[in-house]
Amino acid sequence: MPRSFHNAEELLPPATALKRALAITYDGLISIAVLLVATWAYTMIAGWITGWEQYEQMAEAGELEGGPGLTFTLFLVLYLFFAYFWTRIGQTLGMQVWRIRIENLDGTSVSWTQALLRYGSAAAVIVLTMIAAYYVGSLTLLLTVPAVIALFYPINGLSLTDRASNSVVVAVPAPDKSKTAKNKK
């Protein structure tokens, strides 16, 4: 059941491009830590299942490089990380710091399907950018940097990921300090 963040009649302003970029940077650093832990766990489980000696031999022979198992696991872990926060409270940790939130147009939380569409559209552009950079070289930066910026930059308040998931990133108003002071007394 979707969580309601505010009344459907109340319209919050769209988040600015700067706040989005800062939240993406913050969440990117957290994502690195999540991926490191997931890689460690995957390695421990794969080594245990395969046998440590055989796993070490496979690693030395280069048989583990480019395996789809780890790639899929990391992709799934990162999706679960983002989707959990987006569907529960509408904010990742970086979004909480910069007071922005993902929500539906009626002020409710997004679904897991919407989170998948949002994550998938962003991942597709970034993966295509990395593939192009690998095969064509640094010249692709002239094309891919604008593509990544267009992915997250809001045009008329909606970015491409917003449009793909039928959601919006809004600026969360600061809490009223006079009300919070009264509640503490």
Side-chain angles (χ1 to χ4, degrees), residues 1-39 41-42 68-133 143-175:
M1 181 163 166
R3 177 181 176 189
S4 180
F5 298 120
H6 55 83
N7 295 333
E9 295 82 32
E10 181 183 0
L11 293 176
L12 297 178
T16 63
L18 178 62
K19 282 190 172 186
R20 286 175 182 245
L22 292 171
I24 288 169
T25 303
Y26 194 104
D27 286 333
L29 295 173
I30 294 169
S31 296
I32 291 170
V34 168
L35 293 175
L36 285 171
V37 171
T39 302
Y42 179 88
L70 178 60
T71 303
F72 175 75
T73 301
L74 295 179
F75 188 81
L76 182 64
V77 164
L78 211 51
Y79 163 68
L80 292 173
F81 171 77
F82 281 109
Y84 174 78
F85 284 106
W86 290 341
T87 58
R88 300 262 307 160
I89 59 175
Q91 298 173 298
T92 58
L93 300 172
M95 296 171 85
Q96 290 175 21
V97 169
W98 296 103
R99 290 200 334 257
I100 60 176
R101 178 176 54 228
I102 295 173
E103 59 185 41
N104 288 316
L105 297 174
D106 63 355
T108 58
S109 61
V110 296
S111 67
W112 282 87
T113 305
Q114 286 175 293
L116 180 61
L117 290 170
R118 183 175 199 85
Y119 180 76
S121 63
V125 170
I126 291 171
V127 166
L128 289 174
T129 300
M130 291 188 319
I131 290 171
L143 299 172
T144 56
V145 169
V148 172
I149 290 172
L151 178 66
F152 298 109
Y153 188 80
I155 299 169
N156 296 331
L158 297 174
S159 67
L160 293 178
T161 54
D162 295 337
R163 294 173 201 276
S165 63
N166 198 25
S167 61
V168 64
V169 178
V170 297
V172 177

Check your understanding: Relative to the ring of Y119, is the ring of F75 parallel (under 30°), tilted (30 to 60°) or perpendicular (over 60°)?
Key -> tilted

Revision key, fill the gap. Between I102 and W86, the two heavy atoms sitting closest are CD1-NE1, 3.2 Å

Practice item. For residues A115 and A83, report the shortest heavy-atom separation together with the two atoms involved. Key: CB-CB, 3.7 Å

Study note, to complete from the structure: Between F82 and S31 the two heavy atoms that sit nearest each other are CZ-OG, 3.4 Å

Check your understanding: Is there a donor-acceptor pair under 3.5 Å between the side chain of Q91 and the backbone N or O of R101?
Key -> no

Exercise for review: Name all residues meeting the salt bridge (Lys or Arg N to Asp or Glu O under 4.0 Å) criterion together with D162; count only those two or more places apart in sequence or in a different chain, and write none if there are none.
Suggested key: R20, R118

Point to revise | Smallest separation among heavy atoms of L93 and I30, with atom names | key: CB-CD1, 3.6 Å

Check your understanding: Which distance, rounded to the nearest 0.5 Å, do you find between the OG of S121 and the CG of L116?
Key -> 9.5 Å

**Study point:** Gap between atom CZ of F81 and atom CG of D27 - 0.5 Å precision
**Key:** 6.0 Å

Exercise for review: Given side-chain contact (heavy atoms from CB on, under 4.5 Å), test L80 with W112 step by step and report yes or no.
Suggested key: CA-CA 9 Å; L80 292 173; W112 282 87; 4.1 Å; yes

Exercise for review: Search all heavy atoms of V77 against all heavy atoms of A38 and return the closest pair with its distance.
Suggested key: CG1-CB, 3.9 Å

**Study point:** Where G90 and M95 come nearest, the two heavy atoms and their spacing
**Key:** O-CE, 3.9 Å

Check your understanding: Within the distance-only criterion (no hydrogens, no angle test), does the side chain of N104 pair as donor or acceptor with the backbone N or O of S109 below 3.5 angstrom?
Key -> yes

**Study point:** Approximate separation, where rounding is to 0.5 Å, of I100 CD1 and L12 CG
**Key:** 12.5 Å

Practice item. Please round to the nearest 0.5 Å and tell me the distance separating atom CG of L70 and atom OG1 of T39. Key: 5.0 Å

